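One structure is given below, encoded as structure tokens.
A quick note: this is a predicted structure, and the numbers were derived from the prediction, not measured.
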Amino acid sequence: MKIAMACDHGALDYKNMIKEMLVEMGHEVEDFGTNTKDSMDYPDTVAPAAKSVASGKNDRGIVLCSTGVGASITANKIKGVRCALISDPVSAKLTREHNDTNVLAIGQLVTGELLAKEIVNIWINTPFSNEERHQRRIDKVMALEK
């Protein structure tokens, strides 16, 4: 799977940790930055990563900031993106099964390291259910972009 990743300075450590984990799992990662702890604005990295998912260049995306809130808001501004800010394993599973999310947001300051890894693992490995009721709901949500 091709995965876009982006973060701001507040989540650089988690981006690097998750990127390494994904590569070890056999995934291809496109890193949109940031690559330093110098203060920067999360939309500058998150928006290009989310656009790459919406365009189909990358299959999914993982975006991070201190809380995950700014990254998730930014990603959800991109037409075609369904980003979920996740902080627990159950939501990681259900957001894939029910919502077919294509971008995951995590906050480095609010999610423990082991929990973040578990969330990513579950989210990456859980397929969409393809159930008609879930697809119907996704179609209604995506129609709101028009």
Side-chain angles (χ1 to χ4, degrees), residues 1-34 41-146:
M1 187 179 312
K2 292 176 65 177
I3 302 164
M5 288 198 72
C7 71
D8 70 356
H9 57 281
L12 178 60
D13 294 338
Y14 273 29
K15 184 199 73 165
N16 290 336
M17 170 191 70
I18 292 167
K19 178 180 176 181
E20 182 179 319
M21 181 180 106
L22 292 169
V23 170
E24 287 174 4
M25 293 168 69
H27 299 288
E28 181 181 334
V29 176
E30 183 173 359
D31 188 339
F32 286 83
T34 194
D41 301 330
Y42 53 81
D44 295 341
T45 56
V46 171
K51 287 178 182 177
S52 79
V53 174
S55 74
K57 181 179 180 196
N58 285 293
D59 302 308
R60 294 199 207 156
I62 299 175
V63 297
L64 307 102
C65 65
S66 295
T67 63
V69 174
S72 65
I73 291 170
T74 301
N76 277 315
K77 293 292 183 183
I78 307 303
K79 185 177 181 177
V81 167
R82 289 177 307 285
C83 178
L85 172 56
I86 301 297
S87 58
D88 68 275
V90 172
S91 295
K93 183 177 188 329
L94 294 179
T95 195
R96 284 289 309 132
E97 286 182 349
H98 295 190
N99 310 113
D100 196 19
T101 53
N102 53 8
V103 177
L104 169 67
I106 297 176
Q108 180 170 318
L109 288 181
V110 296
T111 308
E113 186 176 314
L114 293 177
L115 180 57
K117 287 180 175 181
E118 181 181 7
I119 288 167
V120 169
N121 188 50
I122 290 168
W123 187 79
I124 286 292
N125 290 304
T126 301
F128 176 52
S129 71
N130 286 304
E131 289 183 29
E132 187 276 331
R133 66 188 170 118
H134 296 309
Q135 186 61 58
R136 181 181 68 244
R137 294 167 187 159
I138 293 168
D139 292 343
K140 288 179 179 183
V141 169
M142 299 312 288
L144 296 171
E145 294 181 338
K146 297 178 182 163

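Distance alone, capped at 3.5 Å, places no donor-acceptor pair between the E131 side chain and the H98 backbone. Formation of a donor-acceptor pair under 3.5 Å by the D41 side chain with backbone atoms of D44 is not found in this model. Put simply, the side chain of T45 gets close to the backbone of C7: a donor and an acceptor are under 3.5 Å apart. For the pair R82 (side chain) and V103 (backbone), a donor-acceptor distance under 3.5 Å is absent. T111 places no side-chain N or O within donor-acceptor distance of the main-chain N or O of Q108, the cut-off being under 3.5 Å. Side chain of S129 to backbone of E97: a donor-acceptor contact under 3.5 angstrom is found.
Applying the salt bridge (Lys or Arg N to Asp or Glu O under 4.0 Å) test to residues at least two apart or on different chains, the pairs with a partner in residues 4-16 are D13-K37, K15-D31. Counting only residues at least two apart or in different chains, side-chain hydrogen bond (donor to acceptor under 3.5 Å, both in side chains) contacts with residues 58-72 comprise E30-N58, S52-N58.
Note: T34 OG1 to F32 CZ = 13.5 Å, rounded to the nearest 0.5 Å. With rounding to the nearest 0.5 angstrom, the CD1 atom of I18 is 11.0 Å from the CE atom of M25. For the atom pair CG (D100) and CE (M142), the distance works out to 9.5 Å, reported to the nearest 0.5 Å. Within the model, atoms CD1 of I119 and CG of L114 stand 11.0 Å from one another, a figure rounded to the nearest 0.5 Å. Taking CG of L115 as the reference point, atom OG of S87 lies at 7.5 Å (rounded to 0.5 Å). Rounded to the nearest 0.5 angstrom, L104 CG and T95 OG1 are separated by 8.5 Å.
Partners of H27 by ring-ring contact (aromatic ring centres under 6.0 Å, His included), not counting sequence neighbours: none found.
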Set out, in order, the CA-CA distance, both residues' side-chain angles and the distance that settles side-chain contact (heavy atoms from CB on, under 4.5 Å) for I122 and E118, then state yes or no.
CA-CA 6 Å; I122 290 168; E118 181 181 7; 3.8 Å; yes

Begin from the C-alpha positions of T101 and I86 and carry the test side-chain contact (heavy atoms from CB on, under 4.5 Å) through to its verdict.
CA-CA 11 Å; T101 53; I86 301 297; over 6 Å; no

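No hydrogens or angles considered: a donor-acceptor pair under 3.5 Å links the side chains of Q135 and D139.
Considering only heavy atoms from C-beta on, I124 comes within 4.5 Å of I3 through its side chain.
Other residues, nucleotides and ligands contribute at most 12 non-hydrogen atoms within 6.0 Å of the NZ atom of K93.
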